[in-house]
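Before any comments, here is the structure.
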Amino acid sequence: MQQPSGCCNVYTGKTDRYEGKGMEMFDIRTPEGEPTGEVKERSAVHRDGDWHGTAHIWLVRRKNGKIEVLLQKRSRLKETFPGCYDASCAGHLSAGDSFIQGALRELQEELGLEATEEDLFLGGIYPCQVDDWFGGIHILDREISAVYLYDKPVKEEELKLQEEEVEGVCWIEFERLKELAAAGTPGYCIFPWETDALEDAFRKRYRYGE
């Protein structure tokens, strides 16, 4: 697996085959994030551009006086941004999920981390969208994304990576990640809105930049 510029050593999980998933159902939300009461299947949501919820969880550590975040390399079998570097852990909210429920489930499923609500710091909730073509299919992905920090000690070699979702993980200095996101560097699906959200969360959590 090619290592991104600025990353520490990459830990890779085995990626043999994609098992496939059952039908995924999402709550449709307002642009402010409130459920409308309508529930739709994943592909229809991405086809129609409906707002829906996601949770983005960032594993954070301090090293040599600098903040580092964990990146995951998405499986090459993913529908969107296959093989790209992304947030430590992220996923859609299933129908009926709250943001925190979705975040805790994704941590357990993708990284094997058993966490509690108290382990996560909510940086904020943000609207974002991707309007693009993937594999010949137009996707209009409008998300209401809750951004969380998880800063308990983690050894990447002890993570249990979900094979069909995550190909590997590595640490990167946050300031380097900001540069890559601002430049729109190929191979990354992390955008400036999220590094801005992270920076704001770091100010709240760690008095970052003061």
TODO: Carefully, step by step, assess Tyr126 and Asp196 under the rule side chain to side chain donor-acceptor pair (under 3.5 Å).
DONE: CA-CA 11 Å; Tyr126 302 86; Asp196 289 347; over 6 Å; no
Open item on the list: With ring-ring contact (aromatic ring centres under 6.0 Å, His included) as the criterion, how do Phe81 and Tyr188 come out once you've worked through the C-alpha distance, each side chain's angles and the decisive distance to 0.1 Å?
Closed with: CA-CA 8 Å; Phe81 300 107; Tyr188 292 79; over 10 Å; no
TODO: Mind running side chain to side chain donor-acceptor pair (under 3.5 Å) on Asp132 and His138 for me, showing each step along the way?
DONE: CA-CA 6 Å; Asp132 210 336; His138 179 243; over 6 Å; no
TODO: Applying side chain to side chain donor-acceptor pair (under 3.5 Å), run through Glu164 and Gln162 and close with a yes or a no.
DONE: CA-CA 6 Å; Glu164 65 268 29; Gln162 186 179 14; 3.2 Å; yes
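When Leu198, Leu71, Leu180 are each tested for a side chain to side chain contact (heavy atoms under 4.5 Å, CB included) with Ile190, only one passes: Leu71.
In this structure, Phe202 has its ring center closer than 6.0 angstrom to the ring center of Phe174.
Closest approach of Leu107 and Cys89 over heavy atoms only: N-SG, 3.5 Å. Heavy-atom minimum distance, Ala55 versus Phe99: CB-O, 4.0 Å. In terms of heavy atoms, Leu59 sits closest to Trp171 at O-CZ3, 3.6 Å.
Note that CD1 of Ile67 and CZ of Arg205 are 11.0 Å apart. Values are rounded to the nearest 0.5 Å. Put simply, CD on Gln101 and CD on Glu106 are 12.5 Å apart, with the number rounded to the nearest 0.5 Å.
Ile137 and Leu140 are assigned to two separate hydrophobic clusters, defined by single-linkage of ILVMFWY side chains at heavy-atom distances under 4.5 Å. No chain of hydrophobic side-chain contacts below 4.5 Å, direct or via other Ile, Leu, Val, Met, Phe, Trp or Tyr residues, connects Val130 to Trp133. Residues Ile139 and Val45 are members of separate hydrophobic clusters, defined by side-chain heavy-atom contacts under 4.5 angstrom among Ile, Leu, Val, Met, Phe, Trp and Tyr. Ile144 and Ile28 fall into different hydrophobic clusters, defined by Ile, Leu, Val, Met, Phe, Trp and Tyr side-chain heavy atoms under 4.5 Å apart, directly or through other members. Taking hydrophobic clusters as Ile, Leu, Val, Met, Phe, Trp and Tyr residues chained together by side-chain heavy-atom distances below 4.5 Å, Phe26 does not share a cluster with Leu93.
At distances below 3.5 Å, at least one donor-acceptor pair connects side-chain atoms of Ser88 with backbone N or O atoms of Leu70. With Lys73 contributing its side chain and Gly83 its backbone, the two residues share a donor-acceptor pair below 3.5 Å. Checked by atom type and distance alone, the side chain of Arg142 pairs as donor or acceptor with a backbone atom of Gly49 at under 3.5 Å. Remark: the backbone N or O of Thr116 is paired with a side-chain donor or acceptor of Asp119 at under 3.5 angstrom. In terms of modelled atom types and a separation under 3.5 Å, the side chain of Glu143 and the main chain of Ser145 share no donor-acceptor contact.
A donor atom on one side chain and an acceptor atom on the other are not found under 3.5 Å apart for Gln129 and Trp51. For Glu38 and Thr36, the side-chain atoms include no donor-acceptor pair closer than 3.5 Å.
Electrostatic pairing of Glu165 and Lys78 counts as a salt bridge here, judged by a charged N lying under 4.0 Å from a carboxylate O. The existence of a salt bridge linking Arg76 and Glu167 is confirmed by a sub-4.0 Å separation between a basic side-chain nitrogen and an acidic carboxylate oxygen. Residues Glu68 and Arg61 are paired through a salt bridge, judged by an N-O separation under 4.0 Å between the basic side chain and the carboxylate. In this structure, Glu175 does not pair ionically with Lys66, as no charged nitrogen and carboxylate oxygen lie closer than 4.0 Å. Salt bridge status for Lys40 with Asp50: present, with a side-chain N to carboxylate O gap under 4.0 Å. Classification of Glu173 and Lys63 as a salt-bridged pair fails, no side-chain N sitting under 4.0 Å from a carboxylate O.
Ring orientation note: the planes of His92 and His52 are close to parallel, at an angle under 30° on the 30°/60° scale.
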